Number of protein chains: 4
Amino acid sequence: MANTSTPDSSRRSERSRRAIFDAALALVGEVGYDKLTIEGIASRAGVGKQTIYRWWPSKAAVLLDAFTATVDDYDTKGLPDTGDLAADLKFVLRATADEFNDPAFQAPYRALAAAGANDEELSRTFVARLSEPGTRLYVDRLRAAQETGEVGADIDVRIAAEMLLSPFSQRWLMRTGELTYDFVDTLVDQVLRGLRPRG
Amino acid sequence: MANTSTPDSSRRSERSRRAIFDAALALVGEVGYDKLTIEGIASRAGVGKQTIYRWWPSKAAVLLDAFTATVDDYDTKGLPDTGDLAADLKFVLRATADEFNDPAFQAPYRALAAAGANDEELSRTFVARLSEPGTRLYVDRLRAAQETGEVGADIDVRIAAEMLLSPFSQRWLMRTGELTYDFVDTLVDQVLRGLRPRG
Amino acid sequence: MANTSTPDSSRRSERSRRAIFDAALALVGEVGYDKLTIEGIASRAGVGKQTIYRWWPSKAAVLLDAFTATVDDYDTKGLPDTGDLAADLKFVLRATADEFNDPAFQAPYRALAAAGANDEELSRTFVARLSEPGTRLYVDRLRAAQETGEVGADIDVRIAAEMLLSPFSQRWLMRTGELTYDFVDTLVDQVLRGLRPRG
Amino acid sequence: MANTSTPDSSRRSERSRRAIFDAALALVGEVGYDKLTIEGIASRAGVGKQTIYRWWPSKAAVLLDAFTATVDDYDTKGLPDTGDLAADLKFVLRATADEFNDPAFQAPYRALAAAGANDEELSRTFVARLSEPGTRLYVDRLRAAQETGEVGADIDVRIAAEMLLSPFSQRWLMRTGELTYDFVDTLVDQVLRGLRPRG
DNA sequence: ACCTAACCGAGACGGTACGTCGCGTCTTATA
DNA sequence: TATAAGACGCGACGTACCGTCTCGGTTAGGT
């Protein structure tokens, strides 16, 4: 009965896709995620609701794609490696703090993190597309430091990266503290202190 | 015209309050937070909608109270202090891992964490009632260790606690990894390694 | 799961009911039956859609009630009986012709007749409430004439009534001719000519 | 900009036209007129929607053509004239009753009659193509009887035909009674009784 | 021991948004 | 250029809940 067939993506309207992304990001900033509606996005984008439902299963999915499309341009090649691990980490984390403190960034990111908590499927995508790639950069940088002997060979670098990043994201997500440069510096120092090879 | 006066809590029906908590917790487990509705709670609890609206401003607030009422019984006095910091932390964190792996606990806790991400007011209450008290126990235990010299005097114990707890909660909330005993043990070891007083 | 229970009609809002009738009749006249929508009625009546769906199953049912409520005031006691059957019939049919030529009457009546053609359930109600009572008046008047000997005893008065009324309604419904006084008079004469007792 | 030009009917696909008729008639029988959709017809006929929109302005027009194409084969030359008017009329009306009682005939015919009630344009075509030709046969037969003296010269044969046919169609359309042979016979007798020349 | 104000269960109400269906227009590729 | 296919903007569908609002019926204290 029902038409369950997948739509033909080669005939998709690029103009509509873009308009939907713009509308979704603008609206989530203006009214917040809870009051973000598919109808609102469609209307702001000058698009039929069906055009959204045809390509995305939920407002979270729309927002995820919209956000990803924006962020993907950032596309870093890797963390800086000046030879000074602490300095490199502080530099990057300070930049990330600035980014997380940017209001335009906050609304969609928070919304996606929150939606992911209640939707396993979504959280997989969210992590794979947005958080994992960033984390991997830290893991790689730490592994490089391991090879130069700056970090102990017996260290679990994945967990080390989490010790660095999770306090950061957690503070931000739960609003348990400000993301200041001071905080970032102390965090880096305190984590690195434990990573040095044992005498 | 409208009656804006606060209700008289001395005449409140305890029976209804309990029924609402039970219904809310049961439903959030069965249908998830997004499909949890005030009408659903009222109907399941055999209660008028107004009785809910009279006492709580939102479904998140109901759930927060319901969850708190359940968890408050746990009420620990403090972390164990056997003199062996690593052992004490591993013991408590392993127990917490078990708790977080309990399905009955997951749905409401995830829901509240997520709701908090988008609702500043709620997140303040959530943190103050549910996460801060727990965190403080760790801070206190670390401070005690600082006094025995097990932990360096120059350590920021708040951040140290976050290095311990955030990777833990982050993994769970974002589903980026399992909360195994192995993970807990490695995490504790790796964090503590950096806390020791400098030679 | 679903709430299939019937609503409590004792708590029904009379104000809304009236507003819905007014809106339905006004709109069917303005935009026609096909473009008459539940949303349009609700909006014009200043009423939630659910308030309509709670009490009626379809726009046809709303219109039928609305129309009935208007027409019920007509409530005739019976056809005139001056002793002159032809004169009585012409008098009433001329009045009916005037009524059917009234634009305010046309739109809803046509719409209901048409909707009934495709919906057996609806047509039963339509006939029982709107057409049968009128027909019965003619049947009764003819039977009275039968008793005075003006109409033959062997005549099927039901069919005689149909010979009078069906050409009339058919012309109007299908627009196959005007409902003029001339037509009415000729029709009455020609029908009565066959009803007289056989010499 | 828009192409408003009329399509070139010489290049029209006869195969598609037939498939559309078949689909329309089949569907109106299966799901009824209200749930009959252009999309449904196109899909069932294996035809693009545009092919329908190119040649017909509405689903009613499609159905009218489809029905006409089916019925046109019947094409009678005239009513029988055995010299016995009553017998001739009963014979034809009984056959018509059988036809109207055929389920395959009912759905489209009812649908068209109903659609016509709300759409003046359509009803003109409906009457001209489907009902008027039939009526005229009766008018002609009655006029012939007038010439043989079987029917009074002062009779309005058009109205006489309506006295015969309208009760018949009305009963069927509004479902106010069965179309039995008994009914047909009584109707014919009672109508003819009034048509005889006055002594 | 009654009054009466408040809470209570129930659910109708005006709304907003949902996710779906079908409209009529359009674009694309095929024959 | 007609066609099969189907994406598009749009409008309405019928449903689910929202938060507010009566409506009786309990259920306490305060007199």
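Each chain gets a letter, A, B and so on, in the order its sequence line appears, and its residues count up from 1. Given the structure is predicted, the values throughout are model-derived calculations rather than measurements. Scope of the values below: all heavy atoms of this structure, side chains included, with no hydrogens, waters or symmetry mates.
Between B:Ser16 and E:dC7 there is no side-chain polar atom (N or O) within less than 4.0 angstrom of OP1 or OP2. Considering only side-chain N and O atoms, B:Thr51 lies under 4.0 angstrom from the phosphate OP1 or OP2 of E:dG9. For the OP1/OP2 pair of F:dC8 and a distance below 4.0 Å, the side-chain nitrogens and oxygens of A:Trp55 include at least one atom meeting the criterion.
Each of F:dA4, F:dC17, F:dA12 was ranked by its minimum atom distance to the side chain of B:Thr37; first place goes to F:dC17. In this structure, the nucleotide among E:dG14, E:dA12, E:dA17 sitting nearest to the side chain of C:Pro7 is E:dA12.
Rounded to an integer number of Å, the gap from CD1 of C:Ile52 to P of F:dT15 is 13 Å. As rounded to whole Å, 15 Å separates atom P of F:dC21 from atom CZ of C:Arg11. In this structure, the OH atom of A:Tyr53 is 18 Å from the C1' atom of F:dA7, given to the nearest Å. Protein atom CZ of A:Arg17 is 14 Å distant from nucleotide atom P of F:dG9, rounded to whole Å. Distance, D:Gln50 CD to F:dA4 P: 11 Å, rounded to whole Å. Rounded to an integer number of Å, the gap from CZ of B:Arg15 to P of F:dT27 is 10 Å. Distance, C:Arg12 CZ to E:dG11 P: 17 Å, rounded to whole Å. Per the geometry, CD belonging to A:Glu39 stands 14 Å off C1' belonging to F:dG9, to the nearest Å.
Nucleic acid contact for B:Arg54: base, since at least one base atom lies under 4.0 Å from a heavy atom of the residue. As judged by a 4.0 angstrom heavy-atom cut-off over every strand, D:Gly46 is placed among residues touching the sugar-phosphate backbone only.
For the pair D:Lys35 and A:Pro57, nearest-nucleotide mapping onto DNA chain E gives the more 5' position to A:Pro57. In terms of position on DNA chain E, the residue among D:Leu36 and B:Ser9 whose nearest nucleotide sits closer to the 5' end is B:Ser9. Between A:Gly48 and D:Ala42, the residue whose closest nucleotide on DNA chain F is further toward the 5' end is D:Ala42. Each of A:Ala45 and C:Lys59 lies near DNA chain F, and the nucleotide nearest A:Ala45 is the one positioned closer to the 5' end.
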Subject >> Test log, rule side chain to side chain contact (heavy atoms under 4.5 Å, CB included), inputs D:Leu63 and D:Leu25 >> reply: CA-CA 7 Å; D:Leu63 198 55; D:Leu25 289 173; 4.2 Å; yes

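With hydrogens and angles left out, the side chain of A:Lys49 and the base of E:dG19 share a donor-acceptor pair within 3.5 Å.
Inspection of the D:Arg110 and D:Gln106 side chains reveals an N or O donor paired with an N or O acceptor under 3.5 Å.
Heavy-atom contacts from other residues, nucleotides or ligands closer than 6.0 Å to CD of C:Glu121 number 12 or fewer.
Contact check for A:Arg129 versus A:Leu64: side-chain heavy atoms found under the 4.5 Å cut-off. Counting heavy atoms from C-beta outward, A:Arg175 and B:Val127 have side chains that stay 4.5 Å or more apart.
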